[in-house]
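Since we're looking at a predicted model, the values are computed, not measured. Reminder, nothing fancy here: chain letters follow the sequence lines and each chain counts from 1. All values below come from the heavy atoms of this structure, side chains included, with hydrogens, waters and symmetry mates left out.
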Amino acid sequence: MASKIADVLIPLALDTAYSYAVPDGLALEEGDVVQVPLATREVAGVVWALREGQGANFKKVTGVLEGPNLSPRMRKFLDWVSWYTLAPKGSALAMSLKFPDPDRTEVVRVGVKLTENLPRRMTPARQKVIEAARDGIVRLKSELAHAAGVSNGVVDGLIDEGVLETLALLQEPVAGLPDPAFGDTTLSDGQDNAAKELVAAMGEEHPPVILLEGVTGSGKTEVYFEAVAEAVRQGKQALILMPEIALTAQFLDRFATRFGVKPATWHSGVTGRKRERLYAAIASGEVKVIAGARSALFLPYHDLSLIVVDEEHETAYKQDDGVHYHARDMAVVRGKIENAMVVLASATPSIESRVNVERGRYRHVKLPERFGGRSMPQIRSIDLRREQIPKGRWLSPSLVSSVEETVARGEQALLFLNRRGYAPLTLCRACAHRYECPNCSAWLVEHRFRRSLVCHHCGHVERTPQACVECGSLDSLVPCGPGVERIAEEVTELFPDKRTIVLSSDFPGGTERLRTELAAIAAGEVDIVIGTQLVAKGHNFPLMTLVGVLDADIGLTSGDPRAAERTFQMLQQVTGRAGRGEKPGRALVQTWQPDHPVIAALVSGDAERFYEEETRVREMAGLPPFGRLASLIVSAEEREVAEAHARAMAMVTEPPPGVMVLGPAEAPLALIRGRYRYRLLVKTEREVDLQAYLRSWLSRCPKVRGNTRVSIDVDPQSFL
DNA sequence: AGCACGCCGACT
DNA sequence: GTCGGCGTGCTC
């Protein structure tokens, strides 16, 4: 006898949906969340498909679970993500499902209200409670007790005697309703045109992907807020994706200034009951605007009409464990599936987004000027081959005098060096022993404050030894090269009476203290800031008028095919810190190669030329324009296994036709959370079949013992 | 992700 | 002898 069969996808690392018999009388629909037996236990899963068939030997669906189900669009998206990333379907599903946390008992908020009844015995305390409750307002038990100035026990006693009745209180809404008409919407002409373009595009039958490019300080946020306002006006939802660190109080306040309330936020810090309620409210469409980290892309939105990817070039959008994906690219796909507009916002767009603009896949909206008539900082390079720097010093005389003038005027200077610690290399003067990490092959970086040698690759830390571990000589360690701590030492010697601070990701005291310090800098309590990449983005320092880049060449020769692009973006961001307040800013860039395309473009301010040049250079180097470049990550718990597998894939195995292995990319071998990773660059001739090529290739790769995984990172638009 | 099964070291 | 370590593999 034919009966109903449900193919249920379980949020585990399983690649196929399992079939279960649907018991008679159980109403099921595709997308429903159900409970099913799996081996010895019961698990939750999602009905991926329903069909008729012989289900006699299948286990039975136990029941349907309450809560939001997954729409066909959502399921299509998850299928796509799984297909594209080579991750098991169940793993993709696991990113979307948030089941109630069983450890957490439901917190029922009980309200109390006065009845007609009088207590059998009146006491002064009871009298106070009755007085306080006389207004008829329903209050929490504890609130009433507090208002009456008595303990909870008195209230409980009155409840027992029926003088007060209890009622379940409605939950507070998870987020306020943003009001598109709330705040000031004064925009510059440039902003206004851009905003109108975005809003108009939202009304198109197939809303586009728009690259919103605007220099630091041009007010991109206010522009895309207008698109968010439009989504809210239409009663639809908007998602603002941002790198986790960018979800700051500052951003939320800006949103509140425009919309009257803070947006709902979704990130790893939102947990427990709050996470569950937000999940449900997003699924029902009750919450209109969500600002979230990349994981927010996998929520079951009810009616999404806009996705903004803020700082689209940020590498933090890449997820490198579990399901490997790039949230910006997945956002583009989700937008297509949901028929929502996607806005990619950045001051320094990624090359692939530019290429997509060129190819006509994305639209380009530009904000060429700073808001409020402010100008971009003047950038000048300092040729280190010509300007002599005293031995053991790192600031050139002209940079020193500029810092001097700047702080003398009561303005701030930022000295940027993208190297944490005191010195990037430490060696023994007596025997020339170089301190190396025992796990990876990286140099150990001296951290004087912490008195330790640290591996910046894997996090290995050891005490700075008194005597050389190799030859035993005492006090023989020599620091080679500068880190921010060493620069701080130099600055203190040069400017003993100025207030300085060192900011890097290992800042002692954690994010809490860092936030206070950033606010102190903004308030002008510091004269000279010495910082790593940490200071390159986000914070606005109105008094900062000078940025000195100490070594612009760091990273230009790393062998990473994206080295030039990354360096350019970073330098543009950091020099953009200057002159964001009343006074104009300038930047001095110390370099050994002033003619390098990255430095030349930075100084001339001609980003467009740099990107053209960079695309050309890549093509000449045999690197394909984006969309045909993939990177494979082989990872395993043992170094030998990872290396062997990577070698096998790069050389032994014959790649499928049209696929070429370009060799190791970025850090060829890295130890990340106990797994060795080997990254290979792959080029393909044809875009559309890349996935199929790689699948067939991988299936023919020799099996290497151990738990190896492979992931792929390509341009998604090729596959739509 | 769980959970069972299985094959080797130190214990009542 | 067996309790338990975690390596490997399966779950409709």
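When heavy atoms are screened at a 4.0 angstrom cut-off, A:Ile10 is found touching no nucleic acid atom at all. When heavy atoms are screened at a 4.0 angstrom cut-off, A:Thr40 is found touching the sugar-phosphate backbone but no base atom.
Between the P atom of C:dC12 and the CD1 atom of A:Ile5 lies a distance of 15 Å, rounded to the nearest Å. Between A:Arg41 atom CZ and B:dA4 atom P the separation is 10 Å, expressed in whole Å. Following rounding to the nearest Å, A:Glu42 (CD) and C:dT11 (P) show an atom-to-atom distance of 17 Å. Distance CG (A:Leu38) to C1' (C:dG9): 13 Å, rounded to an integer number of Å.
A donor-acceptor pair shorter than 3.5 Å can be found between the side chains of A:Asp310 and A:Tyr224. Of the N and O atoms on the side chains of A:Glu42 and A:Thr62, at least one donor lies less than 3.5 Å from an acceptor on the other residue.
When distances are taken from the side chain of A:Ala13 to each of B:dA1, C:dC12, B:dC3, the shortest belongs to B:dA1. Ranking C:dC12, B:dA1, B:dA4 by closeness to the A:Tyr20 side chain, first place goes to C:dC12. Of the listed nucleotides (B:dG2, C:dC12, B:dA4), C:dC12 has the atom at the smallest distance from the side chain of A:Tyr18.
Under a 3.5 Å cut-off, the side chain of A:Ser504 and the backbone N or O of A:Thr532 do not form any donor-acceptor pair.
A:Glu314 and A:Arg328 are not joined by a salt bridge, as no carboxylate oxygen comes within less than 4.0 angstrom of a charged side-chain nitrogen.
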